[in-house]
Amino acid sequence: MTSRLCPQCGTSNAAGTALKYSYEKWLLKRCEECAFVYLENPPAYEDLETDLAWERVGKEREERVYQQSRVRSGASRTARMLRARLVLRSDPLVHRIERWFSAGPVVDIGCGRGDKLASLPKRFEVVGIEISQEQARLARERLVARGGVVHQMPAIEGLGRVRAQSLAGIVANAFLEHEIRPKELLEAAARALRPAGAMILKVPNFASVNRRVMGSGWCGFRFPGHVNYFTPRTLRRMVEDVGMEVAEFRWMDRIPTSDNMWMVVRRPSAV
Ligand SMILES: [Zn+2]
């Protein structure tokens with residue numbers, strides 16, 4: 001366990017009162033200086049390397065349900081392919097990838113078993129970053145056939161392995177809320193993106209109606225997996241503070257009735 005300053009502005013809130021949402025020994029603080037909400041005492045990166053990595057549990061469950069539904073359907077190969085295509089087309093992440101990424105190398109931060117990368121069209125060269133040893137091994141197995149690369153390490157370090165200004169796109173789908181150093185991660189992303197490259201972010205929305213209604217029972221609270229709790233305002237501020245530009249953040253991308261929000265960011269356009 002470590003104790004950290006506000007990841008947005010660097011203020012110490014150690015003397016401040018923890019929010020009522022804090023759970024057991026895990027202290028949630030709202031920065032007195034900038035209002036950013038964060039876990040003050042997150043686990044260290046080393047604790048995330050084993051497959052007990054709690055942040056994966058949700059995704060694994062999702063995948064199991066999907067696989068089971070595929071098996072159950074028992075339909076012909078054609079029907080399955082058709083269904084897969086429909087699922088892909090309606091997938092909000094794939095939709096954004098198609099819209100914002102040009103052909104070239106794409107990094108998925110926190111790629112898990114590499115499912116998303118494996119599903120991308122061949123015009124994308126896929127690179128996964130995954131801290132869990134077991135997930136990274138599975139992702140490697142999965143992606144080797146298409147020449148994919150997987151770095152088993154913390155995300156900032158992984159992005160450091162990528163050549164500067166080389167990436168067509170970066171996916172951080174349900175990742176930034178887990179990152180102990182979110183600002184440094186965004187800086188590393190800005191460095192790795194091509195001038196025309198884009199980054200897709202999806203994070204839980206702490207300002208959602210559901211959080212206000214459900215309180216501590218809100219599905220966005222994960223202790224100690226989620227260490228940053230963004231609102232539309234604090235997410236935009238952090239992105240802009242590192243010199244990135246918000247490319248897409250429509251009302252429907254941050255609608256308060258959803259538990260999550262989507263944002264597409266870019267390096268600032270050349271002047
Ligand atoms: Zn702050």
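Counting convention: from 1, in listed order, for ligands and their atoms alike.
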**Prompt:** What side chain to side chain donor-acceptor pair (under 3.5 Å) pairs are there with at least one residue in residues 6-16, not counting sequence neighbours?
**Reply:** Q8-D241, N13-Y38

**Request:** Using the side chain to side chain donor-acceptor pair (under 3.5 Å) rule, collect all pairs that involve residues 250-261, keeping only residues at least two apart or in two chains.
**Result:** R96-D253, N210-D259, W218-D259, R250-D253

Show which side-chain atoms of residues 185-201 pair as donor or acceptor with protein atoms under 3.5 Å away, not counting sequence neighbours.
from : atom 1 : to   : atom 2 : distance (Å)
R191 : NH1    : L159 : O      : 3.4
R191 : NH1    : V162 : O      : 3.2
R191 : NH2    : V162 : O      : 3.0
R194 : NH1    : S102 : OG     : 3.4
R194 : NH1    : A103 : O      : 3.2
R194 : NH2    : A103 : O      : 3.3

**Request:** Around the Zn ion (ligand 1), list the protein N/O/S atoms within a radius below 2.8 Å, excluding water molecules.
**Result:** C6 SG, C9 SG, C31 SG, C34 SG

**Message:** So if I apply the side-chain contact (heavy atoms from CB on, under 4.5 Å) rule between L138 and each of Q133, R113, E130, which one comes out positive?
**Reply:** R113

**Prompt:** What class does the angle between the rings of F36 and F230 fall in, given that below 30° is parallel, 30 to 60° is tilted and above 60° is perpendicular?
**Reply:** perpendicular

**Asked** If we only count heavy atoms from C-beta on, is the V106 to I97 side-chain gap below 4.5 Å?
**Response** no

